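Step one of this worksheet: look at the structure below.
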Amino acid sequence: MQNKSPQPARDVSQIVDNSAHPSPATPDIQQLTGAEIIMKCLIAEGVKTIFGYPGGAIMPIYDHLYDYQDQLQHILVRHEQGATHAAQGFARASGQVGVVFATSGPGATNLVTGLADAMIDSTPMVCITGQVFAHLLGTDAFQEIDVMNITTPVTKWNCQVTDARELQAAMAKAFYIARTGRPGPVLIDVTKNAQLQLTDFTPYEPCRRLRSYRPKPIVRPEFIEQAAELINAAERPFIIWGQGVLLGRAESEFKDFVEKSGIPAAWTILGVSALPTDHPQNVGMLGMHGNYGPNVLTNQCDVLIAIGMRFDDRVTGRLDKYAKQAKIVHLDIDPSEIDKNVKATVGVWGDCKETLPLLTQMIEKRDHSAWIERFHDCMQEEIATVIQPELHPEGPVLSMGEVIRNLNELTQGEAIIVTDVGQHQMVAIRYAQFNQPNSNITSGGLGTMGFALPAAIGAKYGAPDRTVVAVIGDGGFQMTIQELAVIMQEKVNVKILILNNNYLGMVRQWQELFHERRYSFVDMQNPDFVAIAKGYSIEGQTITERQDLKPALDAMLKHNGAYLLNIMVGKENNVFPMVPQGCGVAEIRLK
Amino acid sequence: MKQEYTITIYTENQVGLLARIAMIFTRRKINIESMNSSPSEVEDIFRFTIVVHETEELLRKLVRQIEKQVEVLKAYFNTNDEIVWQELALYKVPTDIIAEKVVVERLLRTYGARAVLIRNDYTVFEVSGHREETDKLLEVLEPFGLIEFVRSARVAIIKGSHDFHERLREFEAAEPGESVSTNAFLDQQEAVFSM
Ligand SMILES: Cc1ncc(C[n+]2csc(CCOP(=O)(O)OP(=O)(O)O)c2C)c(N)n1
């Protein structure tokens with residue numbers, strides 16, 4: 001850097017010291033640096049855990065963090081992407097906002113994947129990035145990038161703070177926006193001068209309102225009435241629900257609605273644990289690798305009631321062949337979701353925690369068991385052709401499904417299952433049993449390989465009393481494998497289950513089915529995962545035989561601390577059923 | 001059916017909001033035909049006017065995506081018969097031609113052009129009106145040595161927007177916007193040592 005009069009580093013704080021603001025006499029107003037104000041705001045927001053990685057532009061913040069270690073636990077990840085996924089896992093397991101620290105430039109760009117993932121899966125997260133001194137913005141200074149413009153499409157809100165006097169308001173706004181309405185990731189970029197600048201810290205005031213921001217639309221009774229009318233008149237109504245039920249903490253309101261209405265209900269992969277897997281009206285999974293009945297009968301129901309879900313194309317298949325016969329009732333907190341993909345006959349705007357009880361009140365108690373029976377019939381067919389061979393395979397080769405079946409038997413559906421992306425994800429979510437909400441953590445909308453390991457670490461911090469099992473493919477594991485170091489250093493008790501087929505399995509499956517088995521760059525020579533785990537002081541073993549499966553899973557779960565179990569499964573097994581891309585849901589293939 | 005729509009957006013005065021709004025269009029490969037941003041009649045509230053040629057269904061979705069942005073107060077979309085609008089065009093023409101050719105003078109008169117700068121070498125005229133009007137003048141002036149032409153974005157007033165104006169004033173009275181503070185450190189370039 002060119003400086004007309006180079007000065008020693010220790011002078012920085014004096015130069016940026018805002019001496020125009022004399023220390024006030026009022027006892028509840030303190031003079032603090034911007035960096036310390038951030039600590040105070042985090043503590044006031046109830047934050048206890050931060051996932052982060054330091055660097056030049058965020059050093060003043062880390063310098064203060066050193067003094068706040070007793071109140072703010074910082075987990076040093078090994079790559080900033082890991083910090084974002086850990087914060088996501090934390091948020092999804094705990095329902096609280098996940099917090100991330102990263103430095104400017106490459107630190108900030110490494111956050112982009114996690115921000116995008118949190119954006120599309122509506123995960124509340126606040127990322128704080130350091131930025132170069134304000135006067136260097138736009139000069140291509142060392143590690144200066146345009147974080148604001150890079151992160152705009154992947155954040156619910158972002159803002160750059162160049163003056164410490166704006167920090168408190170920005171922090172309060174950030175947490176408020178991340179947490180309320182349809183949650184999402186927020187980023188605050190703080191220039192180094194603002195971190196160093198001294199300014200007044202007044203008692204922290206959380207943000208409660210922003211005039212331009214309506215977190216929840218006002219509930220309109222007439223739409224509830226219209227929805228109830230449709231539901232009461234329906235002969236074959238069908239509920240499909242998504243993560244909105246979990247995000248709205250409306251599991252019990254949802255259960256009341258389901259039970260009074262007597263309607264069969266199916267889930268998206270992000271919604272799954274809102275209703276226990278064994279609930280008699282839970283008829284299974286929607287979408288590309290979902291259950292047979294929910295897909296086929298979507299095109300036979302007369303009223304489709306969508307709750308807190310967004311009609312993603314992986315759920316709907318071809319839109320012009322999706323539920324064309326049905327009247328659609330769509331409940332969502334985000335008005336822009338209504339009519340976005342599927343036109344609603346009645347759109348019920350609002351938080352389902354508020355709308356569901358109103359709707360439950362207005363509907364008649366019904367019994368739709370004859371209609372539910374049709375789902376069971378479909379299930380019988382699916383069991384015979386797909387599920388039985390997957391869960392109880394005849395040959396010597398281990399299947400992913402039987403691993404999950406054995407896991408269920410041992411955990412009894414009480415564990416948090418964190419999945420990566422690929423075949424193992426679909427199999428795990430299809431077959432895992434969930435008794436409690438917030439038990440399934442996966443990358444749904446973005447399908448980010450590498451999500452599971454750091455997300456499992458975060459989930460353990462978010463729900464320390466629960467068993468956390470990360471189910472990961474051999475491909476995805478190697479995308480964020482470096483986070484094993486966090487497990488070692490912080491002694492994080494997560495169970496790592498690698499379903500190892502030596503392939504990028506899901507891509508291979510598509511190549512087999514749709515590209516004449518031309519296996520283009522999907523086979524992998526993998527390292528010895530157990531040896532790698534050993535290198536990180538993590539116990540583990542590899543198994544290949546069925547007789548070892550259950551004992552090995554049991555040993556993994558009982559082990560005092562983290563454990564890696566590498567299970568060699570069928571190399572060319574496929575996930576079925578499947579709605580091929582470009583087909584309607586009723587064209588679902590059982591094989 | 002695709003047709004011309006004018007989108008009016010009321011927002012907080014926030015750096016970066018323009019990019020956020022523009023992204024909603026570019027991400028969906030929607031061509032912005034014209035875009036104007038200006039203060040509104042209410043202090044601290046900004047107004048964007050955007051013109052696109054799209055279907056009503058798409059507009060409905062776009063406007064919801066726009067309103068979803070945290071710092072957007074309200075967004076509307078209107079067809080041309082629901083608004084009054086103008087665009088402003090400037091034409092730079094050699095002064096001698098105007099002096100010599102009566103037809104040029106007559107043309108300028110017909111189109112209601114107003115001289116905003118007169119020099120020995122050239123004169124700058126201004127016309128405001130709809131696109132067809134300013135285009136037409138451009139076309140007829142072309143053969144006479146037109147030196148330069150520029151046209152502004154559309155500005156529009158919604159004929160039935162009375163209610164929202166009231167609401168905006170109430171907003172601002174109840175909760176005045178934060179005025180953006182200027183940054184002292186941006187001016188201290190030399191004094192600051194940086195890493
Ligand atoms: C970051 C990223 N890159 C590429 C993909 C595309 N992709 C989807 S599934 C998959 C294969 C995953 O293989 P593996 O982790 O071994 O899991 P498996 O499907 O074998 O269970 C790939 C490459 C992706 N989802 N994410």
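What you see is a predicted model; the values in this text were computed from it and never measured. Chain letters run A, B, ... following the sequence lines, proteins first and then strands; every chain starts at 1.
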Once you round to the nearest 0.5 Å, how far does [atom1] of [X] lie from [atom2] of [Y]?
{"X": "B:Q14", "Y": "A:C159", "atom1": "CD", "atom2": "SG", "result": "6.5 Å"}
{"X": "B:I21", "Y": "A:T152", "atom1": "CD1", "atom2": "OG1", "result": "11.5 Å"}
{"X": "B:E12", "Y": "A:Y213", "atom1": "CD", "atom2": "OH", "result": "14.0 Å"}
{"X": "B:L62", "Y": "A:S336", "atom1": "CG", "atom2": "OG", "result": "11.0 Å"}
{"X": "B:E71", "Y": "A:I177", "atom1": "CD", "atom2": "CD1", "result": "6.5 Å"}

Quick one: does B:R64's side chain have a donor or acceptor within less than 3.5 Å of a partner on A:E337's backbone? no

Ignoring hydrogens and geometry, is there a side-chain-to-backbone donor-acceptor pair from A:R214 to B:E67 under 3.5 Å?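 Side chain of A:R214 to backbone of B:E67, a donor-acceptor pair under 3.5 Å: no, none is there.
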
Please check if the number of heavy atoms outside [X] that lie under 6.0 Å from its [atom1] is greater than 12.
{"X": "B:Q3", "atom1": "CD", "answer": "yes"}
{"X": "A:D320", "atom1": "CG", "answer": "yes"}
{"X": "B:D121", "atom1": "CG", "answer": "yes"}
{"X": "B:K101", "atom1": "NZ", "answer": "no"}
{"X": "A:L319", "atom1": "CG", "answer": "yes"}

Test log, rule side-chain contact (heavy atoms from CB on, under 4.5 Å), inputs B:I45 and A:R211: CA-CA 11 Å; B:I45 291 179; A:R211 66 176 182 183; 3.7 Å; yes

Any salt bridge between A:D339 and B:R60, counting N to O under 4.0 Å?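 So A:D339 does not pair with B:R60 through a salt bridge.
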
Check: B:V15 and A:Q160 side chains under 4.5 Å, non-hydrogen atoms: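 They are not in contact (no side-chain heavy atoms under 4.5 Å apart), so the answer is no.
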
Side chain, backbone, both or neither: which part of A:N158 has a non-hydrogen atom closer than 4.5 Å to chain B? both

Checking heavy atoms, do the side chain of A:T155, its backbone, both or neither come under 4.5 Å from chain B?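 For A:T155, heavy atoms of backbone and side chain both lie under 4.5 Å from chain B.
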
Over all atoms of both residues, closest heavy-atom pair of A:R182 and B:K68: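 Reported closest heavy-atom pair: NH1-NZ, 3.8 Å.
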
Looking only at heavy atoms, what is the nearest atom pair of B:Q65 and A:K340, with distance?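 Smallest interatomic distance, heavy atoms only, reads NE2-CD, 4.0 Å.
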
By a 4.5 Å heavy-atom criterion (distance strictly below it), what part of B:V70 contacts chain A: side chain, backbone, both, or neither? both

